Amino acid sequence: MASVEETVIVAEAAETVPAPEAAPAADAVSAAAAPKEKKERAPKEKKEKPKKEAKPEQGDGKKAAGGDAKGLGLKNTKKDNFGEWYSELVVASELISYYDVSGCYILRPWAYAMWEVVQAWFDKRIKKLGVQNSYFPLFITEDVLNTEKDHVEGFAPEVAWVTKCGNTTMEKPIAIRPTSETVMYPYFAQWIRSHRDLPLRLNQWTNVVRWEFKYPTPFIRSREFLWQEGHTAFATQEEAEREVLDILELYRGVYEDLLAVPVTKGKKSKKEQFAGAFYTTTVEAYIPETGRGIQGATSHCLGQNFSKMFSIQFEDDDRQKQYAWQNSWGLTTRSLGVMIMTHADDKGLVLPPRMAPKQVVIIPIPKANTAPETVEAMMEKVTELNEALERQDVRVVTDTRTNYTPGWKYNHWELKGLPLRMELGPKDMENGVVVLARRDTGAKEIVAWADVAVRVPVLLETIQADMFAAAKARTGNCTEVCHSFEEFMTALNNKHMALTPWADEEAIEEEVKKKSTTPDAMGAKTLCLPFEAPPLPEGTKCFYSGKPAKNWALWGRSY
Ligand code: 87F
């Protein structure tokens with residue numbers, strides 16, 4: 001039985017975190033410092049506020065017997081100060097610890113377990129498609145990185161370099177991978193000779209480093225993050241394009257079916273796509289409280305752009321040399337941040353059951369005057385229920401700690417976001433029942449012991465579906481169809497996204513971004529050209545330029 005009795009979860013002394021570093025370029029790993037000929041300066045860093053990682057006061061839990069365990073709650077609220085609420089939440093719920101390198105975070109077991117859920121789900125499905133896992137090195141030589149110079153150029157300030165080993169300056173600095181096209185494709189060129197070597201479909205689960213200068217946010221934007229990157233090569237455009245959409249559908253599945261976060265599938269505009277791609281497809285999520293869109297994951301068709309750069313060629317049936325068609329696709333730990341922002345509330349995390357490392361907590365509630373035999377029977381019963389649920393593959397934990405009150409435990413497990421709490425008190429012992437309390441709605445129901453093993457798995461799936469439906473309803477109400485710039489600005493200022501007919505010109509996007517920038521808010525950009533959109537009758541005009549509209553575009557301020 002999984003029990004926290006022996007796992008010591010006690011009020012720890014407040015952890016303080018060293019102030020973030022002053023400047024990024026002076027140490028052995030420096031961003032954009034290495035290549036001699038490059039003169040660019042690292043952009044000014046948006047410093048993180050030094051975070052004092054005080055845990056919420058836990059009191060002794062005893063004083064609050066039966067009622068609210070004082071001090072466990074969050075000080076900030078989602079509605080009133082979203083940013084502070086989020087920072088406080090990820091620490092208090094033991095997902096994240098701040099680290100003394102600015103923009104880097106520790107993923108604690110509660111967070112890492114959720115990443116493992118995403119990994120297991122996605123890994124199983126890409127393997128079914130025929131993708132194999134592999135591992136390529138972390139380091140890239142300057143020469144190899146420059147093979148892709150045109151595409152890396154825009155990203156150059158974010159590339160971190162190792163310039164020293166010990167006290168010795170390295171003869172040739174070595175880059176730390178920000179993505180692995182340049183690492184992998186020289187080997188694709190070696191391995192692919194004939195059409196019989198295709199398709200080649202590889203994935204790797206790794207960390208990458210991008211020395212971002214924008215304000216860092218746990219999960220959402222960090223300088224090192226975890227992801228999967230898929231890199232594939234095909235003989236034909238058709239096969240490559242089919243995979244782009246197969247993978248995009250899996251990304252939709254991660255967000256909607258696991259994280260219970262609604263997303264919009266679409267194509268990126270030319271301005272927003274990956275510069276090296278033929279085209280980029282994306283799943284876009286949205287955070288109603290901030291009114292900002294957020295890119296969930298991207299699946300790129302690279303066309304023959306990289307195969308031409310890296311000479312990835314094969315001989316076709318007629319012994320003619322052809323360039324391979326390639327794709328690349330990535331999903332990062334950002335997905336967990338989007339899930340947290342979407343569902344959590346002022347009491348803490350609210351985890352969709354499929355994501356929750358523990359789905360049910362069983363809490364026995366003996367009273368001070370409960371007879372010892374009843375307490376003993378109660379403990380036997382919770383063990384039995386725990387085992388019955390484990391047999392149904394429910395992830396369950398029983399909290400039998402005696403040094404905390406039930407009220408404190410309720411708050412603790414609410415903060416951690418467990419979808420269901422199962423209470424068993426002396427009255428329930430008499431009646432042969434338990435009380436189930438839902439984390440998402442607070443609704444309670446009474447279930448007979450004999451029905452627990454059947455009812456709980458059903459209820460968990462109901463919670464999963466209800467959480468998705470609730471999130472979808474919130475997001476659905478936040479998209480406005482706009483036919484003029486005036487309507488567009490009203491939508492944005494209402495913290496909404498705007499769906500507009502658009503002439504699909506980069507110059508318009510740049511102008512709209514400038515014109516929608518206000519003293520308090522960033523400019524808007526296209527999030528995607530949605531695959532599902534209303535009809536666009538002949539003669540429909542672009543909301544901004546008045547020119548004939550070519551497609552619908554979804555716009556928003558964004559992360
Ligand atoms: C930062 C520094 C250097 C993004 C970067 O989206 C290079 C890059 O190439 C860079 N940031 N990118 C684009 C990544 C494209 C692509 N790679 C494989 C993905 C998915 C996974």
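Keep in mind that this is a model prediction, so the values were computed, not measured. Whatever order the structure lists them in is the order used to number ligands and atoms, beginning at 1.
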For this session: May I ask you to check whether His300 and Phe274 place their ring centers less than 6.0 Å from one another?
Result: yes
For this session: Measure centre to centre between the rings of Phe488 and Trp555, then say whether the value is under 6.0 Å.
Result: yes
For this session: For Tyr187, look at atom OH and say whether over 12 heavy atoms of other residues, nucleotides or ligands are found less than 6.0 Å away.
Result: no
For this session: Find out whether the Lys NZ or Arg CZ of Arg292 is both under 6.0 angstrom from the six-membered ring centre of Tyr559 and within 45° of the ring's axis.
Result: yes
Problem set entry | Minimum non-hydrogen distance to atom 15 (C) of ligand 1, winning option of Glu181, Gln273, Arg210 | Glu181
Seminar exercise, completed: To the nearest 0.5 Å, atom OG1 of Thr217 lies from atom OH of Tyr215 at 7.0 Å
Exercise. For ligand 1, which atoms have a heavy atom of Glu158 less than 4.0 angstrom away?
Worked result: 1 (C)
Problem set entry | Glu148 touching ligand 1 at heavy-atom level, < 4.0 angstrom | no
Seminar exercise, completed: One finds that the ligand 1 atoms under 4.0 Å from a non-hydrogen atom of Thr298 are 6 (O)
Exercise. Does NZ or CZ of Arg125 come closer than 6.0 Å to the centre of the six-membered ring of Trp121, within 45° of the ring's axis?
Worked result: yes
Exercise. Just wondering, are more than 12 heavy atoms of other shown residues or ligands nearer than 6.0 Å to NZ in Lys416?
Worked result: yes
For this session: Give the atoms of ligand 1, by number and element, whose distance to some non-hydrogen atom of His231 is under 4.0 Å.
Result: 18 (C)
For this session: Starting from atom 6 (O) of ligand 1, locate the nearest protein heavy atom and write down its residue, its atom name and how far away it is, to 0.1 Å.
Result: His300 NE2, 2.7 Å
For this session: Do me a favour and list the nearest non-hydrogen protein atom to atom 9 (O) of ligand 1 with residue, atom name and distance?
Result: Thr179 CG2, 3.3 Å
Problem set entry | Element-labelled atoms of ligand 1 that are located less than 4.0 Å from some non-hydrogen atom of Pro178 | 1 (C), 2 (C), 3 (C), 7 (C)
Exercise. In terms of residue, atom name and distance, what is the protein heavy atom nearest to atom 20 (C) of ligand 1?
Worked result: Gly330 N, 3.5 Å
Exercise. For atom 2 (C) of ligand 1, which of Phe155, Trp211, Trp227, Trp329 has the closest heavy atom?
Worked result: Phe155
